[in-house]
Student: 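First the structure, which I've put down as structure tokens, then a few questions once you've had a look.
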Amino acid sequence: MPSRPDQLIRPEILALSAYHVPPAKGMVKLDAMENPYSLPAPLREEIAQLAADAPINRYPDPNAASLKAALREALAIPDGMEIMLGNGSDEIIQIIALAFARPGAALMSVEPAFVMFRMIATFTGMRYAGVPLNPDFSLDVDAVLAAIARHQPAVIFIAYPNNPTGNLFDAAGISRIIDAAPGVVVVDEAYHAFADASFMSTLAKYPNLLLMRTLSKSGLAGLRLGLLAGRPEWLIQLEKLRLPYNVGITTQLITEKVLQHGDVLLQQAAAIKIERAVMSERLAALNGIEVFPTDANFILFRVNRGNSAAQVFQRLKARGILIKNLDGSHPLLKNCLRVTVGTPSENTQFLEALQASFNHQNH
Ligand SMILES: *Cc1c(COP(=O)(O)O)cnc(C)c1O
């Protein structure tokens, strides 16, 4: 008799629930931090031609040399720093965890933070240590330093700006953490396009700092491209775990083409930042809502006065608007929801549906 899955699969995997992506067909999709804008038609024509001519019968360049050179330039990677590409930055998180997963090694992050940090710690058999943020979602530096002394983490992940809270942590606090860490600190700048701060220029200063970026949030989520920058001594080791051909030829060609028109994504990010300010203000003007400051392309808010996040989420969904309900995911996120900044028209639809969901409550 063959064994059942529960006799062979690791118990911590059996205990996981899979990362849930809700169906969104026909919905106003404001749940996943995507850029709502498409590329200009002439650029799409150029991409169509590139795709038509791409030798998809051949394996792609395993080193993506041409794309890497373009990224070095576009992202201002400091001289002397190496870069590694991933199938999204999710894959890079996994490569890092695989490399550092010595028996008993710990992966640390703050909470609430990006859920994949914890999930990937589990995938790779690392001990996970999460340090709660302050109730205003600022970094509790003393608590992190105490947890570092206790757990001696091999890797610490810090998202800057943080997801799902949207704020930038205090940079001096992060520097103290990097100085105190016995292992590497990965600063995850997934939302860099919408923030005016980065650790990129300090990369060479710290022997244990790695910096991660992705093109997903700034407009190329469907292509799956993430990047890690850091000192060659770390990157040479991590490269050994990168599966050959992890970045496909269409991703290589199209990303490089879009980077040649770098102003397009910059202009879209600028439009999203303007809309973010408008939306934050309109949200804050609604009764019974607490809006948190954001440096990302999404807004975290809390409902109160008799509304529950679950009800608001369901009522929006019934009106064809999909956002993210965070209630229940962490005690600090009680009655919190997260909405991605969409087009002006999508944002207005969201705000009207939100207001209507409150009126509904009063009847
Ligand atoms: C979205 C996100 C990622 C993952 O992005 P990819 O699409 O896998 O590149 C990584 N970190 C944070 C903080 C994110 O919010």
Side-chain angles (χ1 to χ4, degrees), residues 18-22 24 29-36 64 67 71 74-75 83-98 107-121 123 130 133 137 139 155-169 174 185-195 197-200 210-229 242-243 246-248 251-252 254-255 258-259 265 269 272 276 292 294-300 323-324 326 329-330 333 336 338-341:
Y19 187 84
H20 177 61
V21 179
K29 193 172 181 317
L30 301 176
D31 67 329
M33 285 78 83
E34 291 146 329
N35 173 342
L67 173 59
L71 283 164
L75 276 61
I83 58 178
M84 180 180 79
L85 304 188
N87 194 285
S89 45
D90 285 346
E91 190 192 33
I92 293 175
I93 301 168
Q94 181 171 274
I95 289 174
I96 294 169
L98 273 173
L107 182 155
M108 180 176 285
S109 190
V110 295
E111 291 198 333
F114 186 46
V115 291
M116 292 311 290
F117 299 150
R118 171 183 226 139
M119 284 191 82
I120 289 175
F123 298 172
L133 296 172
F137 304 123
L139 195 57
V155 197
I156 303 174
F157 282 95
I158 297 178
Y160 183 77
N162 189 43
N163 172 17
T165 59
N167 55 320
L168 281 167
F169 297 134
I174 295 177
V185 176
V186 183
V187 174
D188 176 356
E189 297 188 342
Y191 299 95
H192 171 72
F194 314 100
S198 172
F199 277 80
M200 187 66 89
L210 297 170
L211 193 141
M212 198 162 62
R213 292 273 181 90
T214 175
L215 293 175
S216 295
K217 310 297 157 63
S218 49
L220 304 181
L223 288 180
R224 309 300 299 131
L225 189 77
L227 172 145
L228 186 74
R242 187 178 64 82
L243 296 176
N246 65 328
V247 179
T251 298
Q252 292 188 31
I254 298 171
T255 306
V258 174
L259 289 177
L265 295 187
I272 290 165
R276 171 180 75 188
F292 295 95
T294 175
D295 289 282
N297 63 339
F298 60 86
I299 301 170
L300 181 74
I323 65 170
K324 177 85 174 174
L326 293 163
S329 64
H330 190 276
L333 293 171
C336 284
R338 184 190 66 197
V339 61
T340 304
V341 179

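In this chain, numbering begins with 1 at the start of the sequence shown. As the structure lists them, so they are numbered: ligands from 1, and atoms in each ligand from 1.
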Student: Please report whether the ring centroid of Y160 lies less than 6.0 Å from that of F199.
Tutor: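 Ring centroids of F199 and Y160 are less than 6.0 Å from each other.
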Student: I'd like to check N167 versus T294 (side-chain heavy atoms, cut-off strictly below 4.5 Å). Are they in contact?
Tutor: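 No - every pair of side-chain heavy atoms lies 4.5 Å or more apart.
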Student: Is K217 near ligand 1, meaning one of its heavy atoms is under 4.0 Å from it?
Tutor: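 K217 counts as a contact of ligand 1 under the 4.0 Å cut-off.
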Student: Applying a heavy-atom cut-off of 4.0 Å, say which part of D188 lies close to ligand 1: side chain, backbone, both or neither.
Tutor: side chain
Student: Where does M33 meet ligand 1, judged by heavy-atom distances below 4.0 Å: at the side chain, the backbone, both, or neither?
Tutor: neither
Student: Run the numbers for me: atoms of ligand 1, each under 4.0 Å from some heavy atom of R224, listed by number.
Tutor: 6 (P), 7 (O), 8 (O)
Student: Identify the heavy atoms of R224 and D90 that sit nearest to each other, and give their distance.
Tutor: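 Smallest interatomic distance, heavy atoms only, reads NH2-OD2, 3.9 Å.
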Student: Which atoms from ligand 1 have a heavy atom of S216 less than 4.0 Å away?
Tutor: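 With S216 as reference, the close atoms of ligand 1 come out as 6 (P), 7 (O), 9 (O).
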Student: Counting heavy atoms only, which of F117, Y160, Y191 comes nearest to atom 15 (O) of ligand 1?
Tutor: Y191
Student: Check for me whether G226 has a heavy atom closer than 4.0 Å to any atom of ligand 1.
Tutor: no
Student: Would you say M116 and F123 make side-chain contact, with heavy atoms under 4.5 Å?
Tutor: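 Result yes, sub-4.5 Å side-chain heavy-atom pair found.
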Student: Within the 4.5 Å heavy-atom criterion, are F194 and I272 side-chain neighbours or not?
Tutor: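 Result yes, sub-4.5 Å side-chain heavy-atom pair found.
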Student: Please work out, at 4.0 Å between heavy atoms, whether the side chain, the backbone, both, or neither of E91 comes within that distance of ligand 1.
Tutor: neither
Student: In terms of ring plane angle, is the pair F298 and Y191 parallel, tilted or perpendicular, where the classes change at 30° and 60°?
Tutor: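 F298 vs Y191 ring planes: perpendicular.
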Student: Is it true that R213 and S218 share a donor-acceptor pair across their side chains at a distance under 3.5 Å?
Tutor: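 There is no such pair (donor and acceptor under 3.5 Å, judged by atom type) between the side chains of S218 and R213.
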Student: Closer than 4.0 Å to some heavy atom of S89 - which atoms of ligand 1 meet that?
Tutor: 3 (C), 4 (C), 5 (O), 6 (P), 8 (O), 9 (O), 10 (C)
